[in-house]
Q: 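After the structure tokens below, expect a handful of questions from me.
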Amino acid sequence: MTGQILWAIFMPILVIIIGLIYMGLARKITARIHNRYGPPFYQNIIDVIKLFSKKDVANHGVMFSLGPVIAVAGMVISLLFIPIGNRPLLSFNGDIIVLLYLLVIAPLGMALGVGEGANPNGAIGIARALTLMLGYEVVLVIAAVAVMIHAGSASFMEIIRQQQGGVAHWFIWPLFLSALATDIALQAILGEKPFDQPIAPHEIASGPMVEYGGKFLGMLQIYHAIAIIVETGIFVNLFLGGGSLVWWFVKSFAVFFVALLINAVMPRFRIGQAFKFYWTYPAAIGLVGLIIVAIT
Amino acid sequence: MELEKEQAVVNLVKEAFEDAEADVQRARRVRIKIAPNRVFPLVAFLKANGFNHFVTITAVDWIKDGEIELIYHLWSYTRKVHVMVKTRIPRDGGKMPTLKPLFNQAETYERDVHEFFGVYFEGNEKLDRDFILEDWDGPPPMRKDFDTRRFAAEFYGQEDIESDLLKLKIQPYKGKLMQ
Amino acid sequence: MAKERPPKGLKGWAQGRSLWILQFCTGCGAVELPPVMTSRYDMERFGITPMATPRQADLLLITGYLTVKTLKRVIRSYEQMGEPKYVIGFGSCTVNGGMYWDSYNTIKRLDLYLPVDLYIAGCMPRPEAIIEAFNRLIEGIKQGKFNGWIRYKENLRWYKRNQAMIMDIRKWSIDKKLAEEVWREVQEERRKIFEQATVPHVYEYAERISEVG
Ligand code: SF4
């Protein structure tokens with residue numbers, strides 16, 4: 001029990017640091033793809049230190065400052081449902097479904113905060129984020145249902161247990177179509193191109209973050225760091241069979257890496273195109289995968 | 001024949017407007033001089049004859065003659081000819097009728113000319129709104145009697161920059177040129 | 001209240017290693033930034049990245065000449081940035097007016113209106129010069145040498161007065177009360193300058209130019 005509590009305290013800190021390093025590596029890798037040298041891999045940690053050391057910045061009211069807090073809190077709660085390195089904190093039958101609900105809290109918190117900022121760019125950004133969510137959630141849920149039917153359980157630990165025993169047992173092989181659909185959805189969940197319409201620095205001046213500066217922006221960086229781990233973690237647990245602590249992070253980085261490579265060479269869809277895309281191809285792939293699972 | 005299409009435009013204008021002085025400047029350029037009150041009918045006539053791109057309005061301050069010359073540029077996509085309609089109005093208190101009924105964009109160009117040359121266009125309602133020079137209280141800055149050098153020195157607080165420059169005497173180079 | 005000082009130690013180090021810039025692309029200088037950003041010079045290796053809004057940025061780049069109209073927007077953006085904040089002036093136009101030294105609508109010395117931390121000379125400075133400037137800025141910030149925003153706050157009245165001489169500051173300042181007050185003060189002086197500007201000088205001036213040869 002003490003071990004559990006210590007892990008629950010220690011794990012989010014670990015995840016934040018590793019998430020920030022992921023973001024730094026992402027910048028480095030993107031730079032190498034652009035044939036640049038790129039920043040050091042710990043650049044984002046420096047950024048967060050700097051952001052938190054900045055003096056007070058513009059504040060537009062209570063909800064405005066609570067927005068990033070809700071976002072981070074929502075993400076930390078989601079994190080507790082994800083078994084990292086075979087160490088479940090909150091595990092029961094049905095935790096996947098709870099997690100799918102919890103993932104929505106963070107964007108909604110952001111929406112509340114941005115609403116008070118009253119910046120039109122922020123409003124557009126959050127509208128795009130919620131529209132995009134409508135697009136990818138459908139795909140994600142279809143794929144998750146396929147996994148649950150295949151495993152006969154809605155618990156992460158049970159799904160991971162069934163995938164033990166080497167690469168051949170991973171669900172990515174029998175459920176290849178569902179995995180593909182999830183990976184496409186992941187591109188939008190991670191906010192990488194071609195699905196980074198909510199942020200789009202060149203069109204709407206970084207969208208939801210437009211009014212946030214200094215410490216608020218630091219909070220949002222942390223939020224993003226946790227979000228990366230949670231979102232890649234879902235894929236690792238559902239299709240790549242979890243794994244021990246180090247192994248788990250290696251797998252999650254591999255998933256992130258694929259998204260990055262696509263990100264580095266892609267332009268951006270319009271929001272309408274992105275939405276349409278999600279409800280056609282990935283949804284169709286996911287449905288076919290679901291039907292195959294249901295039949296066999 | 002060379003300059004055929006240009007000559008055709010000149011003839012067309014001369015037939016309809018006897019008081020207009022029209023000539024061909026060079027290939028694709030025709031200039032027409034006309035009295036200020038005849039500009040509107042002339043431009044309307046040109047518009048009816050294919051000159052449907054109203055490019056811009058420019059102005060020249062002829063300070064010794066006490067006149068400001070306004071030049072209306074029009075282009076025809078069918079005839080491929082650029083026409084300059086030139087007219088002169090008095091520098092002080094000169095007025096022009098607006099061309100807004102013919103071309104909507106004339107409104108913007110007229111505001112521009114008004115702000116920089118102080119020409120008054122009758123019938124343009126937005127003329128007195130700030131356009132490029134916000135909160136400018138002085139004379140129109142593009143007129144030739146506006147001393148931009150002195151104004152810059154006083155307005156931006158550069159006392160001695162002018163005298164420094166005038167003291168400068170550039171000597172011809174006497175040494176060997178570089179090989 | 002204790003006097004404010006620029007950050008040092010860990011804070012200063014982090015501040016220096018992670019400068020987020022707000023490119024205010026005025027004048028000709030903006031074209032020199034793409035080479036600085038892209039693969040040849042790559043400023044991201046120093047942690048310098050462009051940011052979209054003033055609220056997120058630490059470093060304001062004034063890339064070239066500023067007309068009075070643009071200066072208004074620049075001042076507004078500068079005042080929205082979170083402290084600590086720094087300003088770099090690019091090119092001779094920001095130093096003394098450059099080739100626009102006699103223009104009626106571009107400002108001549110940027111540091112009369114904003115606290116400039118660093119100037120880059122040249123018309124236009126090459127990317128090497130810009131990288132060098134960034135390096136000096138980073139070194140200086142780590143040692144707590146640059147204190148532009150503190151100067152701006154301490155001499156706010158002086159800066160506001162200079163700004164008010166050339167523009168209507170009431171709409172463009174965050175401190176409305178001070179702006180209103182300063183604006184009223186300088187009215188008389190402004191009017192005089194505008195009135196004198198009508199005195200014709202052209203012919204005299206043309207002759208003087210032919211004298212100089
Ligand atoms: S210094 Fe030169 S390059 Fe820079 S803005 Fe001025 S004129 Fe343009």
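Order of the sequence lines fixes the chain letters, A, B, ..., with proteins taken first and strands second; residue numbering starts at 1 for each chain.
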Q: Do C:D58 and A:K54 have side chains that approach each other closer than 4.5 Å (heavy atoms only, starting at C-beta)?
A: yes
Q: Identify the residues of residues 31-48 of chain A whose heavy atoms come closer than 4.5 Å to a heavy atom of chain C, ordered by number, or report 'none'.
A: A:H34, A:N35, A:R36, A:Y37, A:G38, A:P39, A:P40, A:Q43, A:I46, A:D47
Q: Around atom NZ of A:K276, are there more than 12 heavy atoms of other residues, nucleotides or ligands at under 6.0 Å?
A: no
Q: Measure distances from C:T38 to the heavy atoms of chain A and classify the residue's part below 4.5 Å as side chain, backbone, both or neither.
A: backbone
Q: With a cut-off of 6.0 Å (strictly less than), are more than 12 heavy atoms of other residues, nucleotides or ligands near NZ of C:K11?
A: no
Q: Is A:R270 atom CZ crowded by more than 12 heavy atoms from other residues, nucleotides or ligands, each under 6.0 Å away?
A: no
Q: First locate atom CD of C:Q56, then atom CG of A:L51, and finally report the distance between them rounded to the nearest 0.5 Å.
A: 9.0 Å
Q: For C:T53, is it the side chain, the backbone, both, or neither that has a heavy atom closer than 4.5 Å to a heavy atom of chain A?
A: side chain
Q: Can a cation-pi geometry be assigned to A:K50 and C:W20, taking NZ or CZ under 6.0 Å from the six-membered ring centre and within 45° of the ring axis?
A: yes
Q: Flag the one option from C:E44, C:R45, C:R40 with the top tally of heavy-atom pairs under 4.5 Å to chain A.
A: C:E44
